[in-house]
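Only one structure is covered here, and it is reproduced in the block below.
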Amino acid sequence: MSFSAVDRAHMTRALRLAERGLYTTQPNPRVGCVLAHGERSIGEGWHARAGEPHAEVFALRAAGTQARGATAYVTLEPCAHFGRTPPCADALIEAGVSRVVAACEDPNPKVAGGGFAKLRAAGIAVETGLLREAARDLNRGFFSRIERGRPWLRVKLAMSLDGRTALANNTSKWITGEAARSDVQQWRARSSALLTGAGTALADDPRLTARREGAAAVFNPLRVVLDRALRLPRGAHLLDGSAPTLVLHAADAACADDRFDAVERASVPLDDAGRLDLDAVLRLLAERGVNELQVEAGPTLCGALFARGLVDELLLYVAPVILGHEARPLLALPRLDEIAQARRLRVIEQRQLGADWRLLLRE
C-alpha cells in the first residue's frame with residue numbers, strides 16, 4: 001500500500017504523541033491519534049491512563065465538527081468493544097471521518113480486526129501498515145503479552161570494562177556514575193514490573209522503585225521477587241509495602257510469622273532442577289497484565305533467563321573501570337567449547353552517559 005509524505009508526517013506525529021503515555025498507560029498500549037484535512041492537522045490526542053478516554057476521543061474533541069470528512073491517523077487499530085470506555089470505532093463513525101490510516105492491527109482478541117471491519121462497514125476507507133514496526137516497537141511489551149503469552153523481558157546489567165558486576169565480596173555500589181543510574185530510573189518507570197531474585201535481595205536489599213526527576217509518580221511498577229523458600233528477612237525494603245510487590249515461591253514454602261503480610265504472595269511450579277520455573281513465572285505475570293518486565297538480578301538468575309532463551313533485550317551499562325578476574329561475572333552460563341556457539345547480539349542503540357556507556361542489545 002502506498003502512502004504519501006503527508007501521511008507519513010501525520011503518523012510520525014501520532015507516534016510522538018503515543019510516546020507521551022510511555023510511563024502511564026499500563027496495562028494498556030501507548031496510542032496516539034492525529035485528525036487532519038490534507039496537510040492541516042485539526043485535532044490530536046493520546047491515551048494517558050487505563051480507564052480514561054483513548055487517543056481518538058481526545059483528537060475528536062479537539063477537532064469538533066471539523067472531524068467530518070477528515071483522515072484519522074492512529075498508531076493502533078481503533079477498538080470495537082465496550083471496556084471501561086466506549087468503542088473508538090463508533091466515535092470515529094459518528095464524527096463522520098472519511099478515512100482511517102492505522103499503523104497496525106490490535107492483537108487483543110476483543111479487537112483483532114473488529115475495529116477495521118466496523119469502520120469499513122460504515123463506508124470509511126481503512127488503510128494499514130504505515131510505520132508498523134515503529135508502532136509495534138513502542139508497544140513491544142503489549143504485543144508480546146498478547147501474542148506470546150509472556151511479557152517482553154529486558155535484563156538490566158552494569159559491568160566494568162573486564163565484564164564484572166561486583167567485587168568478590170558482592171560490593172557493587174557504585175560501578176556506574178550518577179547519569180547512568182538516573183537513566184536506569186527512566187527504564188524502570190516505563191516497565192510494568194521489576195523482577196529480582198532472593199539472592200540479590202539478600203545481598204543488596206534493593207528498593208526497586210522508579211524515581212523520575214521532575215515527574216509526578218503516576219504508576220509504580222510491580223516489584224516481583226523470586227524467593228523459593230521465603231528467605232527474605234523482616235525489614236527488607238521489598239517487604240515494606242511502599243510499592244506493589246509480588247513474592248513468588250514454591251508451593252511447599254512456609255512462613256510462620258507476619259513478614260510477608262504487607263505484600264502479595266503466589267506459588268509457582270518448580271523446574272526439573274528444583275528451581276522456580278521461569279516459563280511459569282512469565283505466564284503468571286502476563287496473566288496479571290505485565291507488558292514490559294525489567295530484570296535486575298545477579299549472574300545466576302540472569303544467566304538462567306539467557307539459557308532458557310527468555311531474554312528479549314539486554315540493557316547494558318559499561319563503566320570505564322577494571323575490577324579484576326576474581327570479581328563477579330556478568331552472567332553464569334554453561335561452558336562453550338566453540339566460538340560458533342556464542343550468542344550474537346545486535347546493538348540497537350548506544351549512548352554515552354557521563355563517563356559510562358549504555359548499550360541496548362537484542363539477538
Is it true that R181 and E178 make a salt bridge, defined as a side-chain N closer than 4.0 Å to a carboxylate O? no
Heavy-atom donor-acceptor pair, D162 side chain to G324 backbone, under 3.5 Å: yes
Any cation-pi pair here, R136 with F143, using under 6.0 Å and within 45°? yes
Between the side chains of H249 and D227, does any donor sit under 3.5 Å from an acceptor? no
Charged N to carboxylate O below 4.0 Å: is that the case for R288 and E264? yes
Can V74 be reached from V57 by stepping across I, L, V, M, F, W or Y side chains whose heavy atoms are under 4.5 Å apart? no
Single hit among T209, L239, V263 for side-chain contact (heavy atoms from CB on, under 4.5 Å) with R223: T209
Ion pair D261/R259, N-O distance below 4.0 Å: no
Establish, from distance only, whether the side-chain atoms of T25 and N28 form a donor-acceptor pair under 3.5 Å. no
Could you check whether any side-chain N or O of D7 sits under 3.5 Å from a backbone N or O of S4, counting only pairs where one atom can act as donor and the other as acceptor? yes
State, to 0.1 Å, how close G45 and A59 come at their nearest heavy-atom pair, and which atoms those are. N-CB, 3.8 Å
E39 atom CD, over 12 foreign heavy atoms within 6.0 Å: no
Test log, rule side chain to side chain contact (heavy atoms under 4.5 Å, CB included), inputs L361 and I348: CA-CA 5 Å; L361 306 106; I348 303 300; 5.9 Å; no
Cluster overlap L345 with L305, hydrophobic side-chain contacts below 4.5 Å: yes
A side-chain contact here means heavy atoms from C-beta on lying under 4.5 Å apart; do L278 and L301 qualify? yes
Here the gap from E105 atom CD to F116 atom CZ, rounded to the nearest 0.5 Å, amounts to 6.5 Å
Taking the side chain from E127 and the backbone from R99, do they hold a donor-acceptor pair closer than 3.5 Å? no
Within 6.0 Å of CD in Q341, more than 12 heavy atoms from elsewhere: yes
Before giving the answer on side chain to side chain contact (heavy atoms under 4.5 Å, CB included), spell out for R30 and L22 the whole-Å C-alpha distance, their side-chain angles and the decisive distance to 0.1 Å. CA-CA 6 Å; R30 301 132 183 168; L22 190 66; 3.7 Å; yes
Rounded to the nearest 0.5 Å, how far apart are CG of L282 and CG of D277? 9.0 Å
Side chain of R228, backbone of L276: donor and acceptor closer than 3.5 Å? no
Verify the cluster assignment for L314 and V295: are they in a single hydrophobic cluster under the rule of side-chain heavy atoms below 4.5 Å apart? yes
Spacing of CG belonging to L76 relative to SG belonging to C104, to within rounding of 0.5 Å: 5.0 Å
Show your reasoning for whether side chain to side chain contact (heavy atoms under 4.5 Å, CB included) applies to T71 and L35. CA-CA 6 Å; T71 294; L35 290 171; over 6 Å; no
Check the pair E296, R188 against salt bridge (charged side-chain N to carboxylate O under 4.0 Å, His left out), reporting the backbone distance first and the verdict last. CA-CA 10 Å; E296 301 189 22; R188 284 184 176 183; 2.8 Å; yes
Under the salt bridge (charged side-chain N to carboxylate O under 4.0 Å, His left out) criterion, do E363 and R343 qualify, and how do the steps go? CA-CA 8 Å; E363 287 194 88; R343 291 177 177 270; 3.2 Å; yes
Greater than 12 external heavy atoms within 6.0 Å of R362's CZ: yes
From L131 CG over to H10 NE2, what is the distance, rounded to the nearest 0.5 angstrom? 13.0 Å
Regarding R145 and the six-membered ring of F142, is the cationic atom NZ or CZ under 6.0 Å from the ring centre and inside 45° of its axis? no
Atom pair OG1 (T196) and CD (Q294), whose distance is rounded to the nearest 0.5 Å: 11.0 Å
Show your working on side chain to side chain contact (heavy atoms under 4.5 Å, CB included) between R140 and E313 and close with a plain yes or no. CA-CA 11 Å; R140 51 191 181 268; E313 64 185 8; 3.4 Å; yes
Which class fits the ring pair H54 and H47: parallel under 30°, tilted 30 to 60°, perpendicular over 60°? perpendicular
Between D106 (side chain only) and P78 (backbone N and O only), is there a donor and an acceptor less than 3.5 Å apart? no
Do the side chains of V290 and V224 get nearer than 4.5 Å, heavy atoms only? no
Does the pair R13/E44 count as a salt bridge with the N-to-O cut at 4.0 Å? yes
Taking C-beta and beyond as the side chain, do L230 and L232 meet within less than 4.5 Å on heavy atoms? no
Other than W152, what residues sit in its cluster of Ile, Leu, Val, Met, Phe, Trp and Tyr side chains whose heavy atoms are under 4.5 Å apart, directly or through others? none
Interatomic distance, F58 atom CZ to W46 atom CH2 [nearest 0.5 angstrom]: 8.0 Å
Within the 3.5 Å criterion, strictly below it, is a donor on R40 or Q66 matched to an acceptor on the partner's side chain? yes
Is a side-chain donor-acceptor pair under 3.5 Å present for S160 with R164? no
T200 side chain to A297 backbone, donor-acceptor under 3.5 Å: no
Indicate, with yes or no, if L248 and V225 share a hydrophobic cluster defined by side-chain heavy-atom contacts under 4.5 Å among Ile, Leu, Val, Met, Phe, Trp and Tyr. no
After noting the C-alpha distance and the side-chain angles of R351 and D356, does the key distance pass the salt bridge (charged side-chain N to carboxylate O under 4.0 Å, His left out) rule? CA-CA 9 Å; R351 180 177 300 181; D356 307 312; over 6 Å; no
So do the side chains of L315 and L157 get within less than 4.5 Å of each other, counting heavy atoms only? no
Do D312 and R148 pass the salt bridge (charged side-chain N to carboxylate O under 4.0 Å, His left out) test, and can you show the C-alpha distance, the side-chain angles, and the key distance before you say yes or no? CA-CA 12 Å; D312 293 305; R148 301 190 300 176; 2.9 Å; yes
Electrostatic pair R154-E292, nearest N-O below 4.0 angstrom: yes
Taking the side chain from S267 and the backbone from A251, do they hold a donor-acceptor pair closer than 3.5 Å? no
Are the side chains of L138 and T75 in touch, meaning some heavy atoms are under 4.5 Å apart? no
Is the closest basic N to carboxylate O distance between R234 and D258 below 4.0 Å? yes
When every non-hydrogen atom of A158 is compared with those of I175, the smallest separation belongs to O-CD1, 4.2 Å
Looking at F260, does the NZ or CZ of R265 lie under 6.0 angstrom from its six-membered ring centre and within 45 degrees of the ring axis? yes
